[in-house]
Structure formats: structure tokens, C-alpha cells
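Here is the structure we will look at.
On a predicted model such as this, the values are computed, not experimentally measured, just so you know. Just so you know, these numbers use all the heavy atoms, side chains as well, and skip hydrogens, waters and symmetry mates.
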Amino acid sequence: MAHSTFSQVAVAVPVGNDLSVKRSVFKTNSLRFHDKSWSPVSALNLNLRGTRARGWQTVCMSVPQTSAPKVSVAPLDLEDAKEPPLNIYKPKSPYTATIVSVERLVGPKAPGETCHIVIDHGGNVPYWEGQSYGVIPPGENPKKPGNPHNVRLYSIASTRYGDSFDGKTASLCVRRAVYYDPETGKEDPSKNGVCSNFLCDSKPGDKVQITGPSGKIMLLPEDDPNATHIMIATGTGVAPFRGYLRRMFMESVPTFKFGGLAWLFLGVANVDSLLYDDEFSKYLKDYPENFRYDRALSREQKNKSGGKMYVQDKIEEYSDEIFKLLDGGAHIYFCGLKGMMPGIQDTLKKVAEQRGEKWEEKLSQLKKNKQWHVEVY
């Protein structure tokens with residue numbers, strides 16, 4: 001359901017038959033009621049002293065403001081636990097879950113394939129936003145004959161309620177790992193990623209062995225619902241942030257009403273490689289005061305030096321704002337391939353020095369304050 005709030009707006013309206021001021025004065029911030037335009041006093045460049053003499057009067061009226069509708073979720077007892085669930089299922093006794101759906105997320109011009117995979121755990125493997133599941137692909141570990149494959153960890157890309165909002169599914173964002181022979185340039189299936197290919201090739205109804213959930217470093221701190229959260233992702237590293245943002249902006253969670261700022265930086269190769277872009281764009285439209293979204297497209301955009309645009313270039317572009325927000329207590333999160341961090345750290349160090357600060361000291365303080373969250377793989 002959409003929620004309506006009411007705000008008082010002062011408006012200047014003609015009284016009696018004085019309609020000498022034409023509608024053309026109402027140029028900005030105009031509010032329409034049926035076929036009439038009304039405009040806030042502040043938007044009118046008029047001297048309103050002595051308005052009564054000229055047949056004008058200032059009145060107040062309530063204007064309904066509709067916020068975006070949110071989705072009801074269940075079961076709400078998933079909010080009751082004081083501590084996150086951890087390692088309910090271990091590698092030696094994993095949970096057998098079921099694949100619900102596998103959907104290609106990227107367009108035809110994206111390098112590589114990334115899939116959104118929904119897994120039914122029946123409510124038996126609960127998790128919190130920012131945690132990971134382990135997946136054990138079928139087959140035998142080639143390095144340890146007779147033993148199962150090692151566990152592969154994947155950040156969960158949904159809230160604790162899952163994409164069906166009933167607490168029974170979890171979603172993973174998986175890029176298919178494909179190996180190309182450097183000499184021939186051809187794909188070598190024998191060296192392809194075992195688990196990512198198993199997941200991307202799976203069909204609804206297939207069984208999947210999962211462990212976990214695991215991880216505490218990327219949990220969303222909810223003690224202050226008005227906090228600022230700066231999220232920096234490359235590729236599938238956007239997974240935990242999709243969970244955060246659905247909890248903030250899509251779901252109606254009685255115990256968590258987000259009123260702060262969420263700022264997402266997403267780095268991918270090109271427009272076709274963007275992940276969950278429709279969801280993020282909708283939050284931008286529905287919650288412009290609470291959400292910011294900046295994309296770095298390395299193959300389609302140039303940074304200020306004329307090179308490829310990476311997330312660290314976007315961070316540098318907004319560095320003043322980011323540092324001020326961090327000084328004010330903002331949380332900052334990084335998720336993606338571990339190769340993203342050196343460039344980002346170099347940029348942050350350079351910006352800190354330009355501001356007359358020592359980056360190592362600042363970083364140490366951010367970690368001490370639990371504002372710094374990193375999960376790279």
C-alpha cells in the first residue's frame with residue numbers, strides 16, 4: 001500500500017473576482033488540484049504586503065504526499081534474533097536446497113555471463129543481509145579423489161525474506177568463470193569454474209548443497225536508521241548491497257524504517273554489464289533524498305585523465321563529500337574482486353593527503369569505529 005503524509009503549504013490565492021494575475025506567474029513548484037494551479041508563496045516573486053487591498057489572501061492547505069508503496073514481508077519473527085545466524089549447516093553435513101530459477105542478468109554486449117539464481121531453502125537456512133552461503137558443487141574433488149568439492153562462498157543478493165518475501169528463498173549473483181587458453185584464445189572447459197558453471201547451468205528443481213550462513217563483517221548496522229551507508233561494488237560484488245537496498249526501500253519491515261542516505265557506486269565494463277539497474281533506478285526515482293547511485297563503466301566512460309573510468313575515479317570525483325560523510329560517522333563498504341582494493345586505497349590515500357590527513361591514521365580510526373567493511377574474493 002502507498003502511504004500518504006500531509007504537509008502544510010502556504011499558498012497565495014486570488015479572492016473575489018480579481019483574476020488579473022494570470023496563471024503564467026505560477027512557474028515553479030506548482031501544485032495542481034483538479035483544474036486549478038496553486039503555488040507556494042516562496043515560489044512567487046511578488047510583494048504580498050497589502051495583499052488584501054489588491055484582492056489577495058494567503059491561506060494554508062494540506063497537500064497529500066505519496067511515498068512509494070512497500071511490500072509486506074513474512075515471517076516477521078526473522079527480526080527477533082539478537083545475533084545473526086552462523087554456520088547452521090557445515091561442509092560435512094550441508095543442507096539440500098532446490099533451485100527455483102536461473103536468470104541471465106546481463107545484455108548481449110557484456111563480457112561474460114552473470115546469472116541471478118534463486119534457491120529454495122524452505123526457511124531452514126535463515127540469514128541476514130550481508131552474509132554468504134557456501135555451495136558444494138556435485139562431483140569429486142580432483143585434488144582429493146573420493147572427497148566432495150571444496151565449498152565456494154557466494155554473497156547473498158537478497159534480504160532475509162528472499163525475492164518472494166516469504167523467508168524461504170535466497171538469491172545469488174554468480175558470474176560464470178570461463179577459462180580461455182592464452183595461446184589459442186579458445187575456451188578450455190576443463191579449466192572452467194566448477195561451481196559457477198554448475199549454478200549457471202542448473203535448472204528449476206535441481207538440488208544444490210549449501211552451507212552457512214557465514215560472515216559478520218558485511219552485516220548492515222541498523223542501530224541508527226538514519227545513518228549513511230556508502231557502498232562500493234565491482235561486478236557481482238553488488239550482491240550484498242542489493243539485499244541492503246531492498247530492505248531499505250522495497251520491503252515494509254516494521255522494526256526498520258530507513259531514513260538515512262544510501263549511496264551506491266557500481267563499477268562494471270559497460271551498460272550491458274549493469275546488474276539490477278532497474279531496481280536501483282526505481283529507488284532513485286522513488287527516494288531521491290535517501291538514495292544516490294553512481295555507475296563507473298570502464299569500457300564506455302573516461303576519467304578526468306582520459307583513461308578508463310573505474311570505481312576509484314568516481315570515488316575521487318566525490319571525495320570531498322565522501323570524506324565529510326565518513327567524518328560524520330558514515331559506514332563504507334567494499335565488495336568485489338580483491339583487485340579492486342589497491343586502486344581504491346591509493347585514491348583514498350591521495351585524497352587524504354590533499355586534505356592534510358594521514359590515511360593510515362584515518363583508516364585505523366574508521367576500523368576502530370566499525371565504519372569500514374570489506375569483503376573481497
**Request:** Verify whether the ring centers belonging to H229 and F241 lie closer than 6.0 Å.
**Result:** no
**Within-4.5 Å side-chain heavy-atom neighbours: D346 and K349** = no
**Asked** If you count the non-hydrogen atoms of other residues, nucleotides and ligands that lie under 6.0 Å from NZ in K257, is the total more than 12?
**Response** yes
**Request:** Run the ring-centre check on Y244 versus Y333 and record whether the distance is less than 6.0 Å.
**Result:** yes
**Message:** Could you go through M248 and E222, starting from their C-alpha distance and side-chain angles, then the distance that decides it, and tell me whether this counts as side chain to side chain contact (heavy atoms under 4.5 Å, CB included)?
**Reply:** CA-CA 10 Å; M248 291 169 177; E222 296 187 0; over 6 Å; no
**Prompt:** Can you hop from V102 to V178 via hydrophobic side chains spaced under 4.5 Å?
**Reply:** no
**Prompt:** Do the charged groups of E360 and K358 touch, with an N to O distance under 4.0 Å?
**Reply:** no
**Request:** Determine whether Y276 and V311 fall in the same hydrophobic cluster, where Ile, Leu, Val, Met, Phe, Trp and Tyr are linked whenever their side-chain heavy atoms lie under 4.5 Å apart.
**Result:** no
**Prompt:** Charged N to carboxylate O below 4.0 Å: is that the case for K308 and D313?
**Reply:** no
**Prompt:** Does V174 share a hydrophobic cluster with V376, counting links as ILVMFWY side-chain heavy atoms below 4.5 Å and allowing steps through other members?
**Reply:** no
**L199 vs Y154, side chain to side chain contact (heavy atoms under 4.5 Å, CB included): CA-CA, chis, key distance, verdict** = CA-CA 11 Å; L199 288 169; Y154 291 94; 3.8 Å; yes
**Message:** Looking at S214, is its backbone amide N or carbonyl O close enough to the side chain of N87 to form a donor-acceptor pair, meaning the two atoms are under 3.5 Å apart?
**Reply:** no
**Asked** Is E129 salt-bridged to R246, cutoff N-O under 4.0 Å?
**Response** no
**Asked** What is the distance from atom CD1 of I210 to atom CG of N124, rounded to the nearest 0.5 Å?
**Response** 9.0 Å
**Asked** Can R292 and E321 be counted as an ion pair, charged N to O under 4.0 angstrom?
**Response** yes
**D120/K207 ion pair, N-O < 4.0 Å** = no
**Whether E375 side chain and G336 backbone form a donor-acceptor pair below 3.5 Å** = no
**Message:** Taking side-chain contact (heavy atoms from CB on, under 4.5 Å) as the criterion, tell me which of L105, T236, V106 meets it with R175.
**Reply:** T236
**Asked** So, are E317 and K314 salt-bridged, with charged N and O less than 4.0 Å apart?
**Response** yes
**Message:** Would you compute the distance between atom CG of L245 and atom CZ of F258 and round it to the nearest 0.5 angstrom?
**Reply:** 8.5 Å
**Prompt:** Is there side-chain contact between Y133 and H121, with at least one heavy-atom pair below 4.5 Å?
**Reply:** yes
**Item:** Side-chain heavy atoms of K367 within contact of N369, under 4.5 Å
**Value:** no
**Message:** Check R247 with E79, please: is the shortest side-chain N to carboxylate O separation under 4.0 Å?
**Reply:** yes
**Message:** Angle between ring planes, W263 versus Y318, binned at 30° and 60°: parallel, tilted or perpendicular?
**Reply:** perpendicular
**Prompt:** Where does the angle between the aromatic ring planes of W372 and F334 fall among parallel (under 30°), tilted (30 to 60°) and perpendicular (over 60°)?
**Reply:** tilted
**Message:** Hydrophobic cluster membership, with links at side-chain heavy-atom distances under 4.5 Å among I/L/V/M/F/W/Y: are L219 and L172 in one?
**Reply:** no
**Item:** Mutual orientation of the aromatic rings belonging to F249 and Y283 [parallel < 30°, tilted 30-60°, perpendicular > 60°]
**Value:** tilted
**Item:** Separation between CD1 of I119 and CG of D163, rounded to the nearest 0.5 Å
**Value:** 11.0 Å
**Asked** Can you get from M218 to L366 by hopping between Ile, Leu, Val, Met, Phe, Trp and Tyr side chains that sit under 4.5 Å apart?
**Response** no
**Message:** Any side-chain to backbone donor/acceptor pair from E316 onto Q312? Under 3.5 Å, distance only.
**Reply:** no
**Request:** Using a strict 4.0 Å threshold on nitrogen-to-oxygen distance, state whether D277 and K282 make a salt bridge.
**Result:** no
**Prompt:** Backbone N or O of N147 within a donor-acceptor pair of the N141 side chain at under 3.5 Å?
**Reply:** no
**Request:** Please report the shortest heavy-atom distance between A74 and Y161, naming the atom on each side.
**Result:** O-CD2, 3.2 Å
**Asked** Got a second to check how far L261's CG is from L325's CG, nearest 0.5 Å?
**Response** 6.5 Å
**Asked** Does the gap between the ring centers of F280 and Y293 come in under 6.0 Å?
**Response** yes
**C335 vs V238 side-chain heavy atoms within contact, under 4.5 Å** = no
**Asked** Under 4.5 Å between any side-chain heavy atoms of M309 and S298, yes or no?
**Response** no
**Asked** Does S305 use its side chain to pair, donor to acceptor, with the backbone of G307 at less than 3.5 Å?
**Response** no
**Item:** Lys/Arg-Asp/Glu bridge criterion (N-O < 4.0 Å) met for R299, D272
**Value:** no
**Request:** Please check if atom NZ in K362 has more than 12 non-hydrogen atoms from other residues, nucleotides or ligands closer than 6.0 Å.
**Result:** yes
**Closest non-hydrogen atom pair, C200 against R176** = CB-NH2, 3.5 Å
**Prompt:** Is it true that a side-chain atom of D294 and a backbone atom of L264 form a donor plus acceptor pair closer than 3.5 Å?
**Reply:** no
**Request:** Report the C-alpha separation of V194 and H149 in whole Å, then their side-chain angles, then the decisive distance to 0.1 Å, and conclude whether the side chain to side chain contact (heavy atoms under 4.5 Å, CB included) test is met.
**Result:** CA-CA 9 Å; V194 173; H149 282 287; 3.8 Å; yes
**Message:** Could you tell me if the side chain of P142 sits less than 4.5 Å from the side chain of E140, heavy atoms only?
**Reply:** no
**Prompt:** Say you draw a straight line from CG of L348 to CE of M341; how long is it, rounded to the nearest 0.5 Å?
**Reply:** 7.5 Å
**Item:** Over all atoms of both residues, closest heavy-atom pair of G134 and L153
**Value:** CA-CD2, 3.8 Å
**Message:** Tell me whether K70 is salt-bridged to E251, with the criterion being a basic N under 4.0 Å from an acidic carboxylate O.
**Reply:** no
**Item:** R242/L275 under side chain to side chain contact (heavy atoms under 4.5 Å, CB included): CA gap, chis, key distance, verdict
**Value:** CA-CA 9 Å; R242 178 183 184 253; L275 304 171; over 6 Å; no
**Prompt:** Does R160 reach the side chain of L78, with side-chain heavy atoms less than 4.5 Å apart?
**Reply:** yes
**Prompt:** So do the side chains of V100 and S164 get within less than 4.5 Å of each other, counting heavy atoms only?
**Reply:** no
**Asked** Where is the tightest heavy-atom contact between V125 and G212, given as atom of each residue plus distance?
**Response** CG1-O, 3.8 Å
**Prompt:** Any donor-acceptor pair under 3.5 Å linking the side chain of N303 with the backbone of G306?
**Reply:** yes
**Any donor-acceptor N or O pair under 3.5 Å, side chains Y127, S158** = yes
**Asked** Can you name the closest pair of heavy atoms from C173 and A239 and give their distance?
**Response** CB-CB, 4.1 Å
**Asked** Which atom pair, heavy atoms only, marks the closest approach of V135 to C195?
**Response** CG1-SG, 3.5 Å
**Complete:** Rounded to the nearest 0.5 Å, the OG atom of S273 sits from the CG atom of L266 at a distance of 9.5 Å
**Message:** Between Q131 (side chain only) and G215 (backbone N and O only), is there a donor and an acceptor less than 3.5 Å apart?
**Reply:** yes
**Item:** Check: K203 main-chain N/O paired with D206 side-chain donor or acceptor under 3.5 Å
**Value:** yes
**Asked** Are the side chain of H373 and the backbone N or O of I217 linked by a donor-acceptor pair below 3.5 Å?
**Response** yes
